[in-house]
**Q** 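Once you've had a glance at the structure underneath, I'll fire off some questions.
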Amino acid sequence: MPIHDLGYKPYAGTRRPPSANLWTLARQGLRRAIAPFIVKASLIAAGFAVVIYPIVFLVASFAKVTTSRGTRDLGAALSPEGFVRGIFDWQLWLFVFVITIAAGAGAVADDVRHRAFQFYFAKPVTREQYMFGRIYPVAFLSFLLTFGPALALIALAVFVAPDKAEASTRAGLIFPSLMFSLAISCVMAVVSVAVSSLSRSKGLTMSMWVAIFFLPHMVAVVVRLVTKSSWLYLVSLPGSLGILGDAIFKRAIEGNVGGWHALATLLAVMVGSLLVLRKKLLDVEIIG
């Protein structure tokens, strides 16, 4: 909205309190997050995935395999809970991570490089409002990319349920899906944006985010194969999220690591990331 300030005439627009900056920054941040081509491409690809997942579920539900021992119904071994839980892993690795690279891991570095803080903080904008304006778009897109496909699949699973009792059980998957989607979106958004504040170089912060996401998980996988210990998954973001997701969906978790361990680890990582981000913003030199 243009500001009708002609210097010698009073402001003719509507005066809004500084608290209104919160959602103004969020809307501006969302437009900015969607702008990169890779984000648009990921959203389009995710739209196709929303169509593909139900088709795969239907085919697997009614598929039968004939062998020398007779005909086996594959749908009998298919668990809607397991299928919905598996979707989150695919969405996290294929789409959510890409969104966090393009829209999150370079957000603050971009503003530092373009000296945008002089524009934001010269106005009545607090550091917390700025943080929300950068974290919210990434979290919102991540939530759409995880909860949307899960909700579509749950609706289909309820529709093809053999009886009302099974339909009610499958409909109950909405709540754990919602909780897991919120967990993924909050963790990935907060940590990726915090990483973007660690350097003025957007390329460096994006590389750091890739290393933080992949390297600990690769080490945890190797250690798991060699020692059969799952504790090192707690230092991996996707590993901790996976353990938390299994706990939310009440699926068996290998080893002694439980959902509460993953939850405590992720909360500590989020709080630490927020503190680092706020400290970096407090150190910003607005004029100069």
**Q** What residues form a salt bridge (Lys or Arg N to Asp or Glu O under 4.0 Å) with Arg278, not counting sequence neighbours?
**A** Glu128
**Q** Give every residue pair that meets the ring-ring contact (aromatic ring centres under 6.0 Å, His included) criterion with at least one member in residues 17-43, sequence neighbours excluded.
**A** Trp23-Phe132, Trp23-Tyr136
**Q** Is it true that Leu266 and Leu232 fall in one hydrophobic cluster, defined by side-chain heavy atoms closer than 4.5 Å?
**A** no
**Q** Where is the tightest heavy-atom contact between Ala247 and Gly259, given as atom of each residue plus distance?
**A** CB-CA, 3.6 Å
**Q** Applying the side chain to side chain contact (heavy atoms under 4.5 Å, CB included) test to Val269, which of Leu237, Val187, Leu274, Val235 qualifies?
**A** Leu237
**Q** Report the C-alpha separation of Tyr130 and Leu281 in whole Å, then their side-chain angles, then the decisive distance to 0.1 Å, and conclude whether the side chain to side chain contact (heavy atoms under 4.5 Å, CB included) test is met.
**A** CA-CA 9 Å; Tyr130 174 84; Leu281 294 177; 3.6 Å; yes
**Q** Between Thr205 and Ala105, is there a donor-acceptor pair closer than 3.5 Å when you use the side chain of the first and the backbone of the second?
**A** yes
**Q** Of all heavy-atom pairs between Ala262 and Ser240, which one has the smallest distance, and what is that distance?
**A** CB-O, 3.4 Å
**Q** So, does Gln129 use its side chain to make a donor-acceptor pair with the main chain of Thr126 at under 3.5 Å?
**A** yes
**Q** With rounding to the nearest 0.5 Å, note down the distance linking CG in Leu263 to CG in Leu241.
**A** 10.5 Å
**Q** Return the set of residues passing salt bridge (Lys or Arg N to Asp or Glu O under 4.0 Å) with Lys280 (not counting sequence neighbours), or none when no residue passes.
**A** none
**Q** Any side-chain heavy atom of His261 within less than 4.5 Å of one from Asn256?
**A** no
**Q** So which heavy atom on Ala33 is nearest to which on Pro36, and how close?
**A** O-CD, 3.2 Å
**Q** In a table with atom names and distances, give each donor-acceptor pair under 3.5 Å that connects a side chain of residues 206-223 to protein atoms at least two apart or in another chain.
**A**
{"unit_1": "Ser207", "atom_1": "OG", "unit_2": "Gly203", "atom_2": "O", "d": "2.9"}
{"unit_1": "Trp209", "atom_1": "NE1", "unit_2": "Thr100", "atom_2": "OG1", "d": "2.9"}
{"unit_1": "His217", "atom_1": "ND1", "unit_2": "Ser236", "atom_2": "OG", "d": "2.9"}

**Q** Listed by chain and number, what are the side chain to side chain contact (heavy atoms under 4.5 Å, CB included) partners of Leu94, not counting sequence neighbours?
**A** Trp90
**Q** In this structure, are over 12 heavy atoms from other groups packed under 6.0 Å from Arg113 atom CZ?
**A** yes
**Q** Does anything in residues 210-227 form a salt bridge (Lys or Arg N to Asp or Glu O under 4.0 Å)? List the pairs, not counting sequence neighbours.
**A** Arg224-Glu254
**Q** Does Phe175 belong to the same Ile/Leu/Val/Met/Phe/Trp/Tyr cluster as Phe249, with side-chain heavy atoms less than 4.5 Å apart forming each link?
**A** yes
**Q** Holding to ring pair (Phe, Tyr, Trp, His ring centres under 6.0 Å), I want the full list of residues that pass it with Phe180, two or more places apart in sequence or in another chain.
**A** Phe88
**Q** Rounded to the nearest 0.5 Å, how far apart are CG of Asn21 and OH of Tyr120?
**A** 11.5 Å
**Q** More than 12 heavy atoms of other residues, nucleotides or ligands under 6.0 Å from CH2 of Trp260: yes or no?
**A** no
**Q** Would you say the side chain of Ser196 lies within less than 4.5 Å of the side chain of Val193, judging by non-hydrogen atoms?
**A** yes
**Q** Only pairs at least two apart or in different chains count here, so list each salt bridge (Lys or Arg N to Asp or Glu O under 4.0 Å) that has a residue in residues 256-266.
**A** none
**Q** So which atom in Ser199 and which in Ala109 form the shortest heavy-atom distance, rounded to 0.1 Å?
**A** O-CB, 3.4 Å
**Q** What residues form a salt bridge (Lys or Arg N to Asp or Glu O under 4.0 Å) with Lys279, not counting sequence neighbours?
**A** Asp283
**Q** Whether the side chain of Ser168 engages the backbone of Ala165 through a donor-acceptor N/O pair (distance < 3.5 Å, no angle test) should be reported.
**A** no
**Q** Have a look at Met188 and tell me which of Ile99, Val138, Leu92, Leu141 forms a side chain to side chain contact (heavy atoms under 4.5 Å, CB included) with it.
**A** Leu92
**Q** Please tell me whether Val125 and Leu30 are part of a single hydrophobic cluster in this structure, the criterion being side-chain heavy atoms less than 4.5 Å apart.
**A** yes
**Q** How long is the gap from CD1 on Ile248 to CD1 on Ile243, to the nearest 0.5 Å?
**A** 12.0 Å
**Q** Would you mind listing every salt bridge (Lys or Arg N to Asp or Glu O under 4.0 Å) that reaches into residues 228-253, with sequence neighbours excluded?
**A** Arg85-Asp246
**Q** Could you list the donor-acceptor pairs under 3.5 angstrom formed by side chains in residues 143-160, with sequence neighbours left out?
**A**
{"unit_1": "Thr146", "atom_1": "OG1", "unit_2": "Ser142", "atom_2": "O", "d": "2.9"}
{"unit_1": "Thr146", "atom_1": "OG1", "unit_2": "Phe143", "atom_2": "O", "d": "3.2"}
{"unit_1": "Thr146", "atom_1": "OG1", "unit_2": "Ser181", "atom_2": "OG", "d": "3.4"}

**Q** For the hydrophobic clusters of this structure (ILVMFWY residues joined by side-chain heavy atoms under 4.5 Å, transitively), does one cluster hold both Val271 and Leu277?
**A** no
**Q** List in chain and number order the residues that pass salt bridge (Lys or Arg N to Asp or Glu O under 4.0 Å) with Asp111, two or more places apart in sequence or in another chain; answer none if no residue qualifies.
**A** Arg32, Arg134
**Q** Taking all heavy atoms of Arg170 and all of Pro80, pick out the closest pair and write down the distance.
**A** NE-CG, 3.4 Å
**Q** Just wondering, do Val108 and Phe117 contact through their side chains at under 4.5 Å, heavy atoms?
**A** yes
**Q** Same cluster or not: are Val191 and Leu267 linked, directly or through other Ile, Leu, Val, Met, Phe, Trp or Tyr residues, by side-chain heavy atoms under 4.5 angstrom apart?
**A** yes
**Q** How far apart are the closest heavy atoms of Ala45 and Phe95, and which atoms are they?
**A** CB-CE2, 3.6 Å
